[in-house]
Amino acid sequence: MPPNVALMHLLAAAPDVTAARCALDAEERRARSSCARQRIQDVRHLWKDGAKAFRLVKEITGTASHRTSALWAESFDEAAAISPEAAVALYSLGDPSLLAAATSELAMQLRTWQLLQPDFCVLDIGCGFGRVSGAIAPHVGRAIALEVSERMAQLAQTALREHDNTLVIRSSGNDLFFLRDTSFDLVLAIDSFPYLVDSGVAESHIAGAARVLKPAGRLLIMNYSYRGDLNLDRSDIAQFAERYGFAIERNGTSDLSLWDGRAFLLRRR
Ligand SMILES: C[S@@+](CC[C@H](N)C(=O)[O-])C[C@H]1O[C@@H](n2cnc3c(N)ncnc32)[C@H](O)[C@@H]1O
C-alpha cells in the first residue's frame with residue numbers, strides 16, 4: 001500500500017491525533033525488518049503537518065452521506081468547498097502536488113493500456129473537478145465529463161476551459177439515457193463507481209456504458225465499491241459483463257504506486 005494511502009486510512013480510523021501517533025509508534029516497535037521500518041518512516045515523512053492532515057481527513061469523511069445520487073451530490077458539494085483535492089482523492093491528503101503526481105501516473109497507465117488515441121471520444125463519469133479529463137484531453141479527440149455535484153461541475157468547467165475538446169455535463173446521476181448510442185470509444189469511471197454502487201445506480205450505468213460504447217470500446221472502472229470485498233466486486237462485475245456483453249480484460253488489478261485503486265477493464269464484444 002502506498003504510504004499516502006496508509007496515512008489516509010490511519011487518520012480516518014484514529015479518534016484523534018495522539019491515537020494516530022501512538023499507532024504509528026506501536027507499528028514501528030513491532031516492525032521486524034528495515035523495509036518495514038522504512039515504510040513507517042515514509043508515512044511519518046508525509047505526515048509532517050501535524051494536525052492539519054488529520055482535520056482534513058475527518059472533515060472530508062464527515063461530509064459523507066449515502067443512498068441516493070442527490071445526497072452524494074450534496075456531500076461532494078460540501079467536500080469540494082473544504083478541499084477539492086482531498087474531495088476527489090483523499091489519499092492526496094489535500095496536497096495538490098501529490099495529487100498531480102497521482103494524476104500523471106494514472107494518465108501514463110491509461111496510455112500504456114492504449115486507452116487514449118487522438119481520435120477517441122471519451123466519457124468521464126463522475127469527473128470531480130476535471131483532473132483526469134484535463135490530463136487526457138491533449139491525447140484524445142473529445143472528452144465529455146459528467147458530474148452530479150454542482151460545485152464539482154463548476155470547478156471542472158473552470159479547470160477544463162483551456163481544453164476546447166472537452167465538455168462538462170451536470171447529470172442527475174441516475175443513468176446515461178441522454179447520451180447517443182455507440183458514440184464513445186472509452187468510458188472512464190475513476191473512483192466514482194463506489195458512489196454509484198451505494199446509490200443503487202451501478203447497473204444502469206454499466207447498461208448505459210454498453211449502449212453508448214462503440215463495438216470493442218472499453219469501460220474502465222477504477223474501484224468498483226468500498227465494500228472491502230474484492231471477490232464480491234469481481235462477482236458483480238462478472239454478472240454485469242455477462243448480462244451486457246462485455247469481455248473482462250482486467251479483473252480488479254492494482255497497478256499504481258500512488259493509489260491503490262483496483263482496475264476493472266471491460267471490452268464491449
Ligand atoms: C472520489 S470523486 C472522484 C472524481 C474524479 N473521477 C477524480 O478521480 O478526480 C467521485 C466523484 O463522483 C461524483 N459522483 C458521485 N455519484 C455520481 C453519479 N451518480 N453520477 C455522476 N457523478 C457522481 C462525485 O460528485 C465526485 O465528484
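Remember, it's 1-based here, ligands and their atoms both numbered in the order they're listed.
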Do Glu147 and Phe129 have side chains that get closer than 4.5 Å, going by heavy atoms? no
Hey, are the side chains of Trp259 and Glu105 touching, using non-hydrogen atoms and a 4.5 Å cut-off? no
Interatomic distance, Leu219 atom CG to Ile237 atom CD1 [nearest 0.5 angstrom]: 7.5 Å
Interatomic distance, Asp124 atom CG to Ser192 atom OG [nearest 0.5 angstrom]: 7.5 Å
is_close_aromatic(Tyr195, Phe76), centroid dist under 6.0 Å: yes
Please check if atom CZ in Arg211 has more than 12 non-hydrogen atoms from other residues, nucleotides or ligands closer than 6.0 Å. yes
Amino acids contacting ligand 1, non-hydrogen cut-off under 4.0 Å: Ser69, Phe76, Ala87, Val88, Gly126, Cys127, Gly128, Arg131, Glu147, Val148, Ser149, Met152, Gly173, Ile190, Asp191, Ser192, Tyr195, Leu196
